[in-house]
2 protein chains.
Amino acid sequence: MPATLRDVARLAGVSPSTVSRALSTPAVVNAATRARVQAAAERLGYQPNRAARGLITGRTGNIGLVVPDLANPFFPSVVKGVQARARQSDVAVFLADTDEDAVEEVVLVRALAKQVDGLILCSPRASEEDLVAVAQETNVVLVNRLVEGVPAVTFDNEGGMRQAIAHLVALGHRRIAWVGGPKTSWSSAHRIIGLYAAANDNGVALLEVGHFAPTYDGGMAAADQAVATGATAVVTYNDLVAIGLLARLHARGISVPDDLSVVGIDDIAMSRMTRPALTTVRLPKQKAGQIAVELLLAVLDDPDPDTIIGTRGTLHGELIVRDSTGVASDPARP
Amino acid sequence: MPATLRDVARLAGVSPSTVSRALSTPAVVNAATRARVQAAAERLGYQPNRAARGLITGRTGNIGLVVPDLANPFFPSVVKGVQARARQSDVAVFLADTDEDAVEEVVLVRALAKQVDGLILCSPRASEEDLVAVAQETNVVLVNRLVEGVPAVTFDNEGGMRQAIAHLVALGHRRIAWVGGPKTSWSSAHRIIGLYAAANDNGVALLEVGHFAPTYDGGMAAADQAVATGATAVVTYNDLVAIGLLARLHARGISVPDDLSVVGIDDIAMSRMTRPALTTVRLPKQKAGQIAVELLLAVLDDPDPDTIIGTRGTLHGELIVRDSTGVASDPARP
DNA sequence: CACAACACTGCAAGCGATTGCAGACTCAGC
DNA sequence: GCTGAGTCTGCAATCGCTTGCAGTGTTGTG
């Protein structure tokens, strides 16, 4: 039913090969012919059949995007960034949600790999070995995870943590608690490194309160332990955790920021809607998605390993001060 | 690099056609041969090339999913449902986000249509005519929107609204405000119908306060007008709007539910995290995604228009009572 | 004016699968 | 023992497009 290359060729009075060239390698065909072909294509509303093209070129024009959990508002933002950038380059994106399951993730990735030119793995939960293996079979770009030899776009965790600590220190905080994310989380591990560095530089005591699910309930679970540390401020793995923490603190009658300051990370939309509104480190999530696509496109055009190693983006966060942080309470008071 | 049909054929000592049949129409080939072929395929890790198959069968094994805005937590839930169900049937899903733009939506749909066997349009913003046109060119299933002759899965808006009103009436409310969604929203239009029906049956005065963006800011904007109606309770287009409304009410020192009760619709994850936690009508969002896939799959298998007309799912909502609703305040008091 | 260089265009061979048609073989029935 | 039905299997065409190679026509140069 839809017009084929032959139809265009017939209408333009040229051979199919000429049509093909006129459309995909315009430079190589005579200007007059090209115009005729383009007019014909236009008139017929010709759209090349992707399957046929893919069959011969080996490229599908599709990319895959794998995220751990769409219900976590962090990821939809990244997805939007990917979508928008991909559309500009006329590539379609397959989306897959792994439900935070590292095993499922690898299975899904393998399945998707066959149907796409490349994959963007956002905050993958899989092991480093698995990721390296996958990266060898397919074109892969990582987001929010760094693995030797695999192109990636990450956030400057250390810088973000430094901003958070500097802010808290300026408010007089000297004992700061850290609520960690999942044990296997790459970003959780790296955030704490930045945190220690900043804490050391500022003479601040950092109190770790363990690992929690990156969710509202995780935050609820962490709250009491965070309070028990005697810290005057707490930094959490992400905003969702901070929001859960806020809820539990309120339930216990602990006032934020009067008794305790809270800082999140991500700046999801919800964070400005809480009471008090959450101070947080804003991560350029959409931007990350966008850059990831650009990286992937670059890799596809030039799969030279040497070039790839260099292609790595680090995005900087920005401290957003809202109402959940205030001057340190007198630790002697309560 | 990957094994092809020929490779399998060579290894099994049969012709490619036999391999093809052994794998996709097992019944038609001799048991012994079939076993040999399957063993060979297994050993080579053979995976049929989708592009090649698609070229000849005209089916891609992919479906497209179009949503207005992933940043609205309602949609990720639907997407998850679609994903999960699609994966079971080994179909991949293309995701597209239209940014709430009706024009962009149609463009995107047309572009996607070429690469998929069918489309799921979730809460489409496009006009009825456009949707009908698209449905004629492609296999389409609608979610949260009804258009004559197009298979769809929708929510029982009337039933949901009845539950909300019944709840409020039981609490003594007799003047109830309605904060509408976007003018072009199908569900907004249908919710108000249900609302009027329920209001009439219960001798309740329904006060409309106009149309607002389906967002937190929309809710903020609507709050003062809702208060000005003198209603003792307000029902909003969705939870996001309710949450924005809650925030504005709090800023104005209006207590919920003491001074005013608030009911949302959707039950997004955020709704249990607000203060007070939001009473709302829970919509089975994931389920909707799942059913939509099943409908689409059914349509693909049997594109007979007569069958299609019948295939229509209505999902029922469930009132979730939390803390934003209480007994009606004495209207004379303020 | 002859010849080389160049710019276009067309032919035809695939890419990897599916499928209609016909040939080969088996087996039952007479 | 021969025919006909029935069961498998293989041949070859085809889906729509890309691309190496060869052929044609044009232009420039000596």
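A quick note: this is a predicted structure, and the numbers were derived from the prediction, not measured. Each chain gets a letter, A, B and so on, in the order its sequence line appears, and its residues count up from 1.
- Atoms CZ (Arg53(B)) and C1' (dC15(C)) sit 16 Å apart, rounded to a whole Å.
- Of the candidates dA12(D), dG10(C), dT14(D), dT14(D) carries the atom nearest the Ile56(B) side chain, counting heavy atoms from C-beta on.
- Nearest heavy atom pair, residue Gln115(B) against residue Ala92(A), reads OE1-CB, 3.9 Å.
- Distance, Arg10(A) CZ to dG10(C) P: 14 Å, rounded to whole Å.
- OP1 or OP2 of dC17(D) has not a single side-chain nitrogen or oxygen of Ser20(A) nearer than 4.0 Å.
- No donor-acceptor contact under 3.5 Å links the side chain of Thr57(A) to the base of dC15(C).
- When rounded to the nearest whole Å, the span between CG of Leu23(A) and C1' of dC17(D) equals 11 Å.
- Ring geometry for Phe74(B) versus Phe155(B): interplanar angle over 60°, hence perpendicular rather than tilted (30 to 60°).
- Taking atom CZ on Arg6(A) and atom P on dC15(D), their separation rounds to 7 Å, with Å as the unit.
- For Ser24(A) and Arg34(B), each mapped to the nucleotide of DNA chain D holding its nearest heavy atom, the one lying further toward the 5' end belongs to Arg34(B).
- Side-chain N/O atoms of Asn144(B) and Thr154(B) include no donor and acceptor closer than 3.5 Å.
- More than 12 non-hydrogen atoms from other residues, nucleotides or ligands lie less than 6.0 angstrom from NZ of Lys114(B).
- In this entry the distance linking CG of Asn49(B) with C1' of dT18(C) reads 13 Å, nearest Å.
- With distances taken from any side-chain atom of Leu5(A) to the nucleotides dT18(D), dG16(C), dG16(D), the minimum falls on dT18(D).
- Considering only the side chain of Ser17(A), dG10(C) comes nearest among dA17(C), dG10(C), dC8(D).
- Here the P atom of nucleotide dA17(C) and the CZ atom of Arg59(B) are 18 Å apart, to the nearest Å.
- Salt bridge present: Arg50(B) and Asp90(B) bring a charged side-chain N and a carboxylate O closer than 4.0 Å.
- dT9(D) atom C1' lies 11 Å from atom CZ of Arg36(B), rounded to whole Å.
- For dG10(C), one of the phosphate oxygens OP1 or OP2 lies less than 4.0 angstrom from a side-chain nitrogen or oxygen of Ser15(A).
- Put simply, CG on Leu55(B) is 13 Å from P on dC15(C), counting in whole angstrom units.
- When heavy atoms are screened at a 4.0 angstrom cut-off, Arg50(B) is found touching no nucleic acid atom at all.
- Within the 4.0 angstrom heavy-atom criterion, no nucleotide atom of any strand lies near Val19(A).
- Between Ala31(B) and Ala52(B), the residue anchored closer to the 5' end of DNA chain D is Ala31(B), taking for each the nucleotide with the nearest heavy atom.
- Residue Thr4(A) places no side-chain N or O under 4.0 Å from the OP1 or OP2 atom of dG16(D).
- Taking every side-chain heavy atom of Asn30(A) into account, dC8(C) is the closest of dC8(C), dA17(C), dG16(D).
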